[in-house]
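Quick notes on the structure that follows.
This one's a predicted model, so the numbers in the text were calculated from it and none came from an experiment.
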Amino acid sequence: MATLLGSESPWTGGKRSVRNGNIIAKIRHSQIVGRGFSRGTQLPEALLQDRDKQAKWHSIPELLQKLHESSHPNSDLSHTHSVLKELSSLLSMEAMSFVTEDRKSAQESTFPITYTFDLFGGVDVIHSLCFVPAVNDDLVNDCLSVLYNCCICTEGVTKSLAARDYFVLFLFTLMTNKKTFLQTATLIEDILGVKKAMIQLEGVANLSGLVQSFDQQQLANFCRILSVTVSEPDVGNDDKHTLLAKNAQQKQDSSLSRAEVNQVTLLNIPGFIERLCKLATRKVSEATGASNFLQELEDWYTWLDNALVLDALMQMATEETEHTSTVITEKSMKIVHEIMYKVEVLYVLCVLLMGSHRNQVHKMLAEFRLIPGLNNLFDKLIWRKYTSSNHVVHGQNENCDCSPEISFKIQFLRLLQSFSDHHDAKEALCSLKTQIKYYIVSPKCPLPVSLCSCRSLVCDGKKGLLTRLLTVMKKEPPDSSFRFWQARAVESFLRGVTSYADQMFLLKRGLLENMLFCIIDSGCKSKDVLQSYFDLLGELMKFNIDAFKRFNMYVSTDNKFQTFMTQINSSLVDSNMLVRCIILSLDRFETQTEDRKVVEVLSECCLLSYLAQVENRLSFLFRLVNIINVQTLTQENVSCLNTSLVVLMLARRRGKLPFYLKALREKEHAEKYPGCLLNNFHNLLRFWQRHYLNRDKDSTCLENSSCIPFSYWNETVSVLLGSDRTSLCAIASYIDEPFMDLDRDLLEC
């Protein structure tokens, strides 16, 4: 578009003449005064036709003039349909080139049709036509098609429509009509994608009635819109992601965000979550029948605006060579159709699971048997075949250019992660047979409350979802990004209050050895994937003496142990959770000296012996405090602060806190920057108080994961921050007066 607005003229191909400049001025004046072509500023017909031929406008000004005359109440619409069809055909050809291999040439074209259409006020004319009372469904569909094609080619058009809130709300009213539903939904999705301020769903007239009127296909399409309205916007600025900035923002605005308000609005719609669960667990055979499906193919081009979708269809067609080509196309398209629906449905459910009403949502998903339903789909649809995943690991709100099958698998794994995270009903991921075996038979496994209350909600058959997930996980290449999400899902299942039964279930399926192979022997270089391995390994081994025994058997040579420690030390931000779990486990094992197995493993395990050495703990502590500061704290690295606190809490329990603080002081003096390390740590702890004392969920997580009461966390921080310089447990006692409070005002920024 820069070429069109630069010194080269779109009218003649050369430098603008004075005459051409006057024409442009008249056109722009007509847009401002009369929304395209007002009668008082119409250009002479002969001049218009002459310039049309020279500039290759494809008769767009003439067609728009005819439309403008029909865009008033009580206008004659008899010829409007044919004019719209002609315009739609011109614009759709250019739009299609933007979503196929011809995209580059379309962008570089000297006379883009969309630009000409917009320049002559075409978007405003179509916009006005939508509000004419006598316009029928077919005309509305044509208008929406024209606007959608313009949005594809020109982002400025999309932004212009997004700025008109009344128009966006008007579009929602068109979704009550099945004939205009799909076109409307697609256009709304594009508009909301660029809208600066998130739309408030409570402003949509009779939203509850609208959603309840949708059939299942329409509801699945509607989820594409909802995915934009329930997600917190990604600010795209690392500074905004810091905890300091987030806390400051929350202090300014204590009310619910627009996304949170929209989530509450949806949860208040009767039957909404239950219908989403049915969509998520629907089998392909239960979807639209063959005859109805083929009738809908005319509208399919609105879905196929991504070349990756076409690639997926071609791949499926190639795989199913035993059928006739007609059957292949129908079956393949039905599978992709269903997968694309489920991607959006799972995304909305996942966002709701992470929202402010997560407990309510989690209870509803368990009640409506979402997990058993997904378990029944696992082999036939979710993981029906191996899919290469050599792509980057996307965040929750990041745009993704993955194929439908890859997106589906990732959204499925994200949902499992959110469902399992700190919830009792996570046992629904296992079959009843598995739960009885591991919880009832073993005396070490107390029967969880969830097993007693949710027996009817667990997976059917011999294999639960967790077993199926482990099977495919071990088949994935070690550096696959699927591995990242798979490990995250399994780690969430283990997270919280440590369950010996859950750990043994996974240990007996070789998960620990598989994780160690990936970390030590596979050559995996992906930072994100390695971090997921470290976190999972930590939860798998925490407080479990059998796990440490298995670890020692795998790491039987010095070379393997050294490689393992090199991986840990190469990125302590990524591995510190594992270090924390080892230190906590060692502390517990040292109190169980009456247990013969524990004593044996303590004396033989190289990993426990390494962390038992005070100099190694101090080395970790020094680095953990040194790699973070208040200004760079994020949700990703705040764990380093909590791990350093664990080290000091355990030292305090044993009366060794002064020894550790003195060692930190000696270290910073040896490094030639006295006061810097301890002042930094002091600021971090001040921030910790402000951050965690007002967050019940975060403080509960700290308590459950460490088995240390949060009151002891808080008490230890208060002791460390004590102002009495005679106290041997206060940081202030170890900072020389000239170096005190280097960053006194840091938290006030």
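When the side chain to side chain donor-acceptor pair (under 3.5 Å) test is applied to Tyr554, the partners found at least two apart in sequence or on another chain are Asp521. For Glu715, the side chain to side chain donor-acceptor pair (under 3.5 Å) criterion is met by Arg652, not counting sequence neighbours. By the side chain to side chain donor-acceptor pair (under 3.5 Å) test, Glu668 is found to be paired with no residue, residues two or more places apart in sequence or in another chain being considered.
Ring orientation note: the planes of Phe710 and Trp688 are close to parallel, at an angle under 30° on the 30°/60° scale.
From Leu633, atom CG reaches atom CG of Leu641 across 6.5 Å, with rounding to the nearest 0.5 Å. Atoms CZ and CG, on Arg686 and Asn683 in that order, are 5.0 Å from each other to the nearest 0.5 Å. Taking CG of Leu624 as the start and OG1 of Thr643 as the end, the distance is 6.0 Å to the nearest 0.5 Å. Taking CZ of Phe419 as the reference point, atom OG of Ser492 lies at 12.0 Å (rounded to 0.5 Å). Put simply, OG on Ser711 and CD on Glu703 are 7.0 Å apart, with the number rounded to the nearest 0.5 Å. We find the OG-CZ distance between Ser571 and Phe534 to be 8.0 Å, quoted to the nearest 0.5 Å.
Judged purely by atom type and a 3.5 angstrom limit, Arg483 uses its side chain to pair as donor or acceptor with the backbone of Met473. A donor-acceptor contact shorter than 3.5 Å is absent between the side chain of Asp535 and the backbone of Ser532. A distance-only check finds no donor-acceptor pair linking the side chain of Arg665 to the backbone of Asp736 [under 3.5 Å].
Listed by first and then second residue, the side chain to side chain donor-acceptor pair (under 3.5 Å) pairs that reach into residues 555-570 are Asn569-Arg623, sequence neighbours excluded. Sorted by first and then second residue, the ring-ring contact (aromatic ring centres under 6.0 Å, His included) pairs involving residues 586-620 (not counting sequence neighbours) are Phe548-Phe589. Every pair passing side chain to side chain donor-acceptor pair (under 3.5 Å) that includes a residue from residues 653-664 is listed here, sequence neighbours excluded: Asp587-Arg654, Glu590-Arg654.
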Using the rule given for side chain to side chain contact (heavy atoms under 4.5 Å, CB included), can you reason through Leu584 versus Phe543, listing the C-alpha separation, both sets of side-chain angles and the distance that settles it, and then say yes or no? CA-CA 7 Å; Leu584 285 166; Phe543 305 135; 3.9 Å; yes

Determine, step by step, whether Leu494 and Lys542 satisfy the side chain to side chain contact (heavy atoms under 4.5 Å, CB included) criterion, reporting the C-alpha distance in whole Å, the side-chain angles of both residues, the deciding distance to 0.1 Å, and the verdict. CA-CA 10 Å; Leu494 289 172; Lys542 186 167 56 179; over 6 Å; no

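Closest of all the heavy-atom pairs between Thr632 and Asn637 is O-ND2, 3.0 Å.
Side-chain contact check for Asp528 and Ser526: no donor-acceptor pair (N or O, by modelled atom type) lies under 3.5 Å. Side-chain atoms of Tyr692 and Asn714 include no donor-acceptor pair closer than 3.5 Å.
For the side-chain contact (heavy atoms from CB on, under 4.5 Å) criterion with Phe681, the lone passing option out of Asn629, Asn626, Leu648, Leu721 is Leu648.
Ion pair Lys363/Glu367 not flagged as a salt bridge, since none of the NZ, NE, NH1 or NH2 atoms sits closer than 4.0 Å to an Asp/Glu carboxylate oxygen. The existence of a salt bridge linking Arg495 and Glu491 is confirmed by a sub-4.0 Å separation between a basic side-chain nitrogen and an acidic carboxylate oxygen.
Taking a 6.0 Å sphere around CZ of Phe659, one finds it holds 12 or fewer heavy atoms contributed by other residues, nucleotides or ligands.
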